[in-house]
There are 2 protein chains.
Amino acid sequence: MTLAGRPPAAALVFRTLLVQGPLTRAELGRRTGLSPGAVTKVAAPLLADGWITELGRPAGERASGRPATPMAVRAERARFIGVKVTADELIGVLTDLTATPLATRRAPLASRDVDSVVRAIARLVTRLRTAGGAAKDGAAKGSTAEHGAESPGGVHGIGVTLAGDIDARAGTVQYSPFLDWRQVPLARLAGAATGTPTVVDNDVRALTVAEQWFGAGAGLSSFALVTVGAGIGCGIAVDGRVVSGAYGVAGEAGHLPVGGDRVCTCGNTGCVEAVAATHAITEQARQATGDPGMTMAAAVRRAHAGDPAVREVFARAGRALGLAMASIANLVGPQRIVISGEGVASYDLFADAVRAAFRAQAFGAAAECDLVVRPLPFEAWARGGAAVAAQQVFAP
Amino acid sequence: MTLAGRPPAAALVFRTLLVQGPLTRAELGRRTGLSPGAVTKVAAPLLADGWITELGRPAGERASGRPATPMAVRAERARFIGVKVTADELIGVLTDLTATPLATRRAPLASRDVDSVVRAIARLVTRLRTAGGAAKDGAAKGSTAEHGAESPGGVHGIGVTLAGDIDARAGTVQYSPFLDWRQVPLARLAGAATGTPTVVDNDVRALTVAEQWFGAGAGLSSFALVTVGAGIGCGIAVDGRVVSGAYGVAGEAGHLPVGGDRVCTCGNTGCVEAVAATHAITEQARQATGDPGMTMAAAVRRAHAGDPAVREVFARAGRALGLAMASIANLVGPQRIVISGEGVASYDLFADAVRAAFRAQAFGAAAECDLVVRPLPFEAWARGGAAVAAQQVFAP
């Protein structure tokens, strides 16, 4: 069961409560533009079905007529599973409706063969369902039992995410460089193997959806997410929707041309990724120090110890990232840009250069765009998949 | 009278006919997702009020029941005036509902004083209304007389556009560098002086709106317009809406950082505008030839005559433009990018470099984005204002 098939006003009320709630009926009317009567009419079946609740009133008890009672979304009403596929492991998370993790599990990948990965996804999903049974007795006690029997273990939907060119609408992995997959109908295969409706999406786009509804982008009409790590990823939300690109490509901030003579893995010169991705930083640190075996961790330590040549490598990466963010601000004008990814663990080494380059290059009022750093816990990528699956319920 | 206040389905039917018409009721139903009954119900008052017509049937005659008759928007149903304000003149155009010019007038500006410019706008509007009386007897014979008496001369609305930071919602010129205006409530002032509802907007954004509804962007969910001339302008439409930016800045493609050591008027190094705007090309051509008096026209002639140094100046500008377009494609993924502006008069000198740089830097499928060159007649900028005013009617 989803909100699809209900009147558009129902989804509007639900989404407003999701992002801005708890709210009284009167406040909900003001924010949605609906009349008090329309709010009450639309809210009644959502209350009856347990999607929303009146605070201070036990779930399930019928609403009677205290319009000043604030209403809120019942996060425990539905559960989702997100699975992020990497080159060598799966990261899975069981969440509630607001993509809040209830349990996390990881599983190494023995093979990159499609059937083998699909079977591994199904096994991980079973482990998360089992963990969910335990979680149900704890945090979400008694909550999904009443309404959540849509599929085994009360899981409404699954979202599988991975890097690469993903056709989310068709549910197909068009091309995954690290798995060497082409044209794999992963949503159908994983849905059949798990017995639960499954969607697939690009991992960065999914993370952007999670931030849009439940993170640093909630309530903003436009924002961008930039992830820094093995690659430079980016998702852009405009008018409350994550931009997909007419040809499936959007948010490729890693391949913005920002000058310099380093050659990128894409074959071009001057891409952000050629200066600021982990491999690029390691390579430059090796050149700067003459130590051909230097790792990223060692480069971070050297920079923290004050080595000026290695510090300059991070500053150069920061400048490239700042210029990329200024390009996003100048073209799209988001309210906020969120910086995340493994790279932000050592963000102190980039920060000054990012902000200086951004401020210098952002044009006029575009510089007012808020830059926010969000550390990314390891299950966050998987949480993106759960958010994409949850979005099917309230914004299909 | 506008379509505002009518059911949302009415505006949807009208916009679908505007962009994709003429269409039969059956086809209109397929494209809007409305049932045949709903299309007929929604179309009846639009037919009665003369906003749409059945082809082959005289306007005004009541529809009876020939559902296979294609319906179309009646372009002559409403008239608009667009006025573009430049540093030294006004360019005005009277158009029909589809922003098709019926008459064009220009007026020199004696002063940049606010009152003086507002009076000049009012005089130009009067001249266009008079011209409109003549046009009415010609091309749009007998058309506006029946329904179009909303304001003197049958003009529904006026759109005034100019370069700079414009708050379209508030109707205020926040900052116009070339007029040296700050916080001027131009919509209110021009509305009072002309007696007709007036909107104001940034000139490039307005031109993007004109292309979105009535030009190379019609029917596309996403596209971008890049104008090349005294400055480099850009408007971006996503999901059918022109992006405005949370802080009023968007589409500033001229200040994308694309490398190189030329200093921009904004104070930064490496902006597109520092290489590809008219003044930048002239300056580089002077340096390349050692002729300190060389004009843009002379540079174009020299390049056409084969001077390799001057040809390289245009190629460098073309590379910067191609990289800017690739940045737009990589971040937003538009279906098409339209290149326009005074600069396209000599586009043959840029073209190869634009396409080569775009193809090299556009990431993966983003390179499938269609590049289209559109020459810009001198009244086109004014037409943008008329399109913004017309948009108030069908997409307020």
Side-chain angles (χ1 to χ4, degrees), chain A residues 8 164-165 174-175 220-224 234 236 238-241 243-261 264 266-271 319-320 322-324 326-336 357 360-370, chain B residues 8 164-165 174-175 220-224 234 236 238-241 243-261 264 266-271 319-320 322-324 326-336 357 360-370:
Chain A
D165 180 0
Q174 300 285 11
Y175 177 49
L220 305 183
S221 72
S222 64
F223 82 101
C234 170
I236 299 175
V238 175
D239 280 333
R241 287 170 71 169
V243 176
S244 287
Y247 304 98
V249 174
E252 281 294 349
H255 301 283
L256 291 174
V258 291
D261 54 7
C264 185
C266 76
N268 278 309
T269 303
C271 292
R319 275 196 293 278
L323 290 178
S327 295
I328 296 167
N330 289 353
L331 285 180
V332 185
Q335 209 168 334
R336 175 179 292 172
Q361 192 71 40
F363 188 72
E368 292 172 30
C369 173
D370 191 21
Chain B
D165 180 0
Q174 300 286 9
Y175 177 49
L220 305 183
S221 72
S222 64
F223 82 101
C234 170
I236 298 174
V238 175
D239 280 332
R241 288 170 71 171
V243 176
S244 287
Y247 304 98
V249 174
E252 280 294 349
H255 301 283
L256 290 174
V258 291
D261 55 6
C264 185
C266 76
N268 280 309
T269 303
C271 292
R319 275 196 294 277
L323 290 179
S327 296
I328 295 167
N330 289 353
L331 285 181
V332 185
Q335 209 169 336
R336 175 179 291 172
Q361 192 71 42
F363 189 73
E368 291 172 31
C369 172
D370 193 20

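Numbers restart at 1 for each chain; the letters A, B, ... are given by sequence-line order, proteins then strands. In this text the structure is predicted, and so the values were computed from the model without any measurement.
The line from CG of Leu220(A) to CD of Gln335(A) is 4.5 Å long, rounded to the nearest 0.5 Å. Atom SG of Cys266(A) and atom CD of Gln361(B) lie 6.0 Å apart (nearest 0.5 Å).
Contact of Asp165(A) with chain B is not made at all, since no heavy-atom distance falls under 4.5 Å. Ile236(A) touches chain B through its side chain: at least one heavy atom from C-beta onward sits under 4.5 Å away, while N, CA, C and O do not. Both the backbone and the side chain of Pro257(A) come within contact range of chain B, judged by heavy atoms closer than 4.5 Å. Neither the backbone nor the side chain of Ala224(A) comes within less than 4.5 Å of any heavy atom in chain B. For Ser327(A), the parts lying under 4.5 angstrom from a heavy atom of chain B are both the backbone and the side chain. The part of Val243(A) that comes within reach of chain B is its side chain, from C-beta onward, which places non-hydrogen atoms under 4.5 angstrom from that chain. Using a 4.5 Å cut-off between heavy atoms, Ala253(A) touches chain B through backbone and side chain atoms alike. Thr269(A) touches chain B through its backbone: at least one of N, CA, C or O sits under 4.5 Å from a heavy atom, while the side chain does not. At a 4.5 Å heavy-atom cutoff, Ala362(B) makes no contact with chain A through either its backbone or its side chain. With a threshold of 4.5 angstrom between heavy atoms, Cys369(A) approaches chain B through its backbone and through its side chain.
Ranked by non-hydrogen atom pairs under 4.5 Å with chain B, the options Arg241(A), Glu252(A), Arg336(A), Gln174(A) are led by Glu252(A). Listed options Gly254(A), Gly251(A), Gly259(A) were ranked by heavy-atom pairs under 4.5 angstrom with chain B; first place goes to Gly251(A).
Heavy atoms only, all atoms of each residue included: Ser222(B) and Ala246(A) are closest at OG-CB, 4.0 Å. A pairwise comparison of heavy atoms in Ala357(A) and Arg319(A) identifies CB-O, 3.6 Å as the closest pair.
Looking only at distances, no side-chain donor or acceptor of Asn330(B) sits under 3.5 Å from a matching main-chain atom of Ala366(B). Of the possible donor and acceptor atoms, none in the side chain of Asp239(B) sits under 3.5 Å from a partner among the backbone N and O of Val238(A).
Looking at Val332(B) and Val332(A), their side chains come closer than 4.5 Å, going by heavy atoms from C-beta outward. Counting only heavy atoms from C-beta outward, the side chains of Leu256(A) and Leu331(B) approach each other to under 4.5 Å.
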